[in-house]
Amino acid sequence: MTPRSSDAPAHPETATEVLPRDFFARPSLQVAPDLLGCVIVHETPEGLVAVMLTEVEAYDGQNDPASHSYRGRTARNAVMFGPPGHVYVYFTYGMHFCMNLVTQPVHGSSAVLLRAGRVIAGVPLATARRSRRLARTIPREVDLARGPARLCEALAVDLSHDGADAVDPASPLRALASATPVPTAEISRGPRVGISRAADLPWRFWITGEPTVSPYRAYAARRPRTKPVTGPDREGGTISP
DNA sequence: CCGAAGATTGCCT
DNA sequence: GGCAATCTTCGGG
């Protein structure tokens, strides 16, 4: 790890220790609100980015129709069937990553989706990462990790991190305890965002009034894609590889 | 095998 | 507010 000349933390907001594995060895509905105020740190050759979690969602495995593991184990969701404290990352919409932290496998597999956070270290790096994708928008600081795919991009988390152990102190990607726990009175809860099944369950938790919390969007079915061209082949011939 | 949905986001009207 | 982008994964035929 990084050598320090004294015991004084160089960055107070990133000096807390990793959460104990037991923290995650509980049902998702208990872990989720407790994750608010906790910090995800990712150290890469580019530098360090830390995000304080402000919005999360609980998924309850095979007891939850909205969970990726509802219908059992597959190659994609295998990590959720493993030990708690590990990272489950999935790829969606052909372009986005979302990250979860695995919890107690009471119902076969469970996890908490990290929906949003506030970047508390490495703002310039997070801004640079986000800016790469944006053609006509300059990201505001509060938007850097506002939404699950943005959070992953700000932290440079992708499929290569699927299965990473977030409670290993030596891991570049770690989940740290909250320096100042969020009082229960400041936590709001409501329905999860963008899911079609079990859409009414209030399993989304966020810090009340936090500007980094993503806007709620109800599930909206996408209309069928325009059908492939049927008609004569305009190329009129074969195309050599 | 193939069709369709998807724990989203950004940009345009 | 609407819709395209973009492709993996899953489940049904």
Side-chain angles (χ1 to χ4, degrees), chain A residues 28-29 31-33 35-36 40 51 53-81 86-103 107-117 126-127 129-140 142-163 189-206 212-230:
Chain A
S28 287
L29 276 168
V31 174
L35 272 174
L36 297 175
I40 305 298
V51 171
L53 300 176
T54 58
E55 179 192 2
V56 298
E57 284 177 355
Y59 285 84
D60 196 21
Q62 294 179 290
N63 193 43
D64 177 5
S67 171
H68 286 173
S69 56
Y70 181 58
R71 298 173 191 274
R73 177 178 177 142
T74 66
R76 177 176 69 159
N77 66 28
V79 171
M80 277 196 286
F81 289 80
H86 286 247
V87 180
Y88 164 51
V89 181
Y90 65 90
F91 182 63
T92 190
Y93 288 101
M95 64 192 95
H96 298 306
F97 300 101
C98 295
M99 80 177 279
N100 301 249
L101 291 170
V102 177
T103 58
H107 294 110
S109 61
S110 304
V112 175
L113 170 71
L114 309 186
R115 277 204 61 88
T127 301
R129 286 170 175 163
R130 289 283 304 130
S131 297
R132 285 174 206 156
R133 175 186 296 276
L134 305 173
R136 322 206 161 169
T137 305
I138 298 175
R140 300 180 302 161
V142 291
D143 290 332
L144 289 174
R146 187 171 181 240
R150 290 168 170 178
L151 182 144
C152 280
E153 188 158 59
L155 285 167
V157 166
D158 58 33
L159 273 188
S160 71
H161 302 96
D162 188 39
R189 65 184 291 181
R192 294 173 289 185
V193 175
I195 56 172
S196 60
R197 294 173 293 191
D200 52 321
L201 298 179
W203 288 1
R204 172 184 183 229
F205 300 85
W206 67 93
T212 58
V213 172
S214 68
Y216 177 78
R217 287 176 183 170
Y219 171 76
R222 313 235 327 268
R223 70 168 168 70
R225 205 186 47 162
T226 57
K227 74 180 170 90
V229 178
T230 58

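Protein atom CG of A/Leu134 is 18 Å distant from nucleotide atom P of C/dA5, rounded to whole Å. Here the P atom of nucleotide B/dT8 and the CD atom of A/Glu57 are 8 Å apart, to the nearest Å. Between the CZ atom of A/Arg222 and the P atom of C/dT6 there is a distance of 12 Å, given to the nearest Å. Rounded to whole Å, the distance from CZ on A/Arg136 to P on C/dA5 is 14 Å. A straight line from OH of A/Tyr70 to C1' of C/dC10 spans 15 Å, rounded to a whole angstrom. Atom OH in A/Tyr93 sits about 11 Å away from atom P in B/dA5, given to the nearest Å. With rounding to whole Å, A/Phe97 atom CZ is found 15 Å from B/dT8 atom P. With rounding to whole Å, A/Leu151 atom CG is found 10 Å from B/dT9 atom P.
Scanning both residues, A/Ala66 and A/Ile195, for their nearest heavy atoms gives CB-CD1, 3.8 Å. Of all heavy-atom pairs spanning A/Val87 and A/Leu101, the tightest one is CG2-CD2, 4.0 Å. For A/Ala111 against A/Thr103, the heavy-atom pair with the smallest separation is N-OG1, 3.5 Å.
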Checklist entry - What do the steps show when you test A/Arg115 against A/Phe205 for side-chain contact (heavy atoms from CB on, under 4.5 Å), and what is the final call? => result CA-CA 9 Å; A/Arg115 277 204 61 88; A/Phe205 300 85; over 6 Å; no
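DNA chain B is contacted by both A/Pro148 and A/Gly94; A/Gly94 maps to the nucleotide lying nearer its 5′ end (nearest heavy atom per residue). When each of A/Phe91 and A/Arg71 is assigned the nucleotide of DNA chain C bearing its nearest heavy atom, the one mapping closer to the 5' terminus is A/Phe91.
Taking the 5.5 Å centre cut-off and the 30° plane limit, the aromatic side chain of A/Tyr59 is classed as stacked on B/dA7.
For A/Thr74 and C/dC10, the shortest distance from a side-chain N or O to OP1 or OP2 is below 4.0 Å. Taking side-chain N and O atoms only, A/His68 has a distance below 4.0 Å to OP1 or OP2 of B/dA7. In terms of phosphate contacts, A/Arg130 brings no side-chain nitrogen or oxygen within less than 4.0 Å of OP1 or OP2 of B/dT9. Distances shown here put a side-chain N or O of A/Arg150 below 4.0 Å from the OP1 or OP2 atom of B/dG10. Listed pair A/Thr137 / B/dC11 meets the phosphate criterion, a side-chain N or O lying under 4.0 Å from OP1 or OP2. Note on A/Tyr219: a side-chain N or O is less than 4.0 Å away from OP1 or OP2 of B/dG6. Contact annotation: A/Ser196 side-chain N/O to B/dG6 OP1/OP2 distance is under 4.0 Å.
Pairing partner, B/dT8: C/dA5, with both Watson-Crick or wobble hydrogen-bond distances short of 3.5 Å.
Within the nucleic acid shown, A/Ala220 has no heavy atom closer than 4.0 Å to any nucleic acid atom. Residue contacts shown for A/Arg192 are absent, as no nucleic acid heavy atom lies under 4.0 Å away. When heavy atoms are screened at a 4.0 angstrom cut-off, A/Ala66 is found touching base atoms of the nucleic acid.
Spacing of P atoms, B/dA5 relative to C/dC3, comes out at 16 Å, to the nearest Å.
Of the candidates A/Tyr59, A/Tyr88, A/Tyr90, A/His68 forms a side chain to side chain donor-acceptor pair (under 3.5 Å) with just one, namely A/Tyr88.
Side-chain contact between A/Glu55 and A/Pro148: absent, with no pair of heavy atoms (C-beta onward) separated by less than 4.5 Å.
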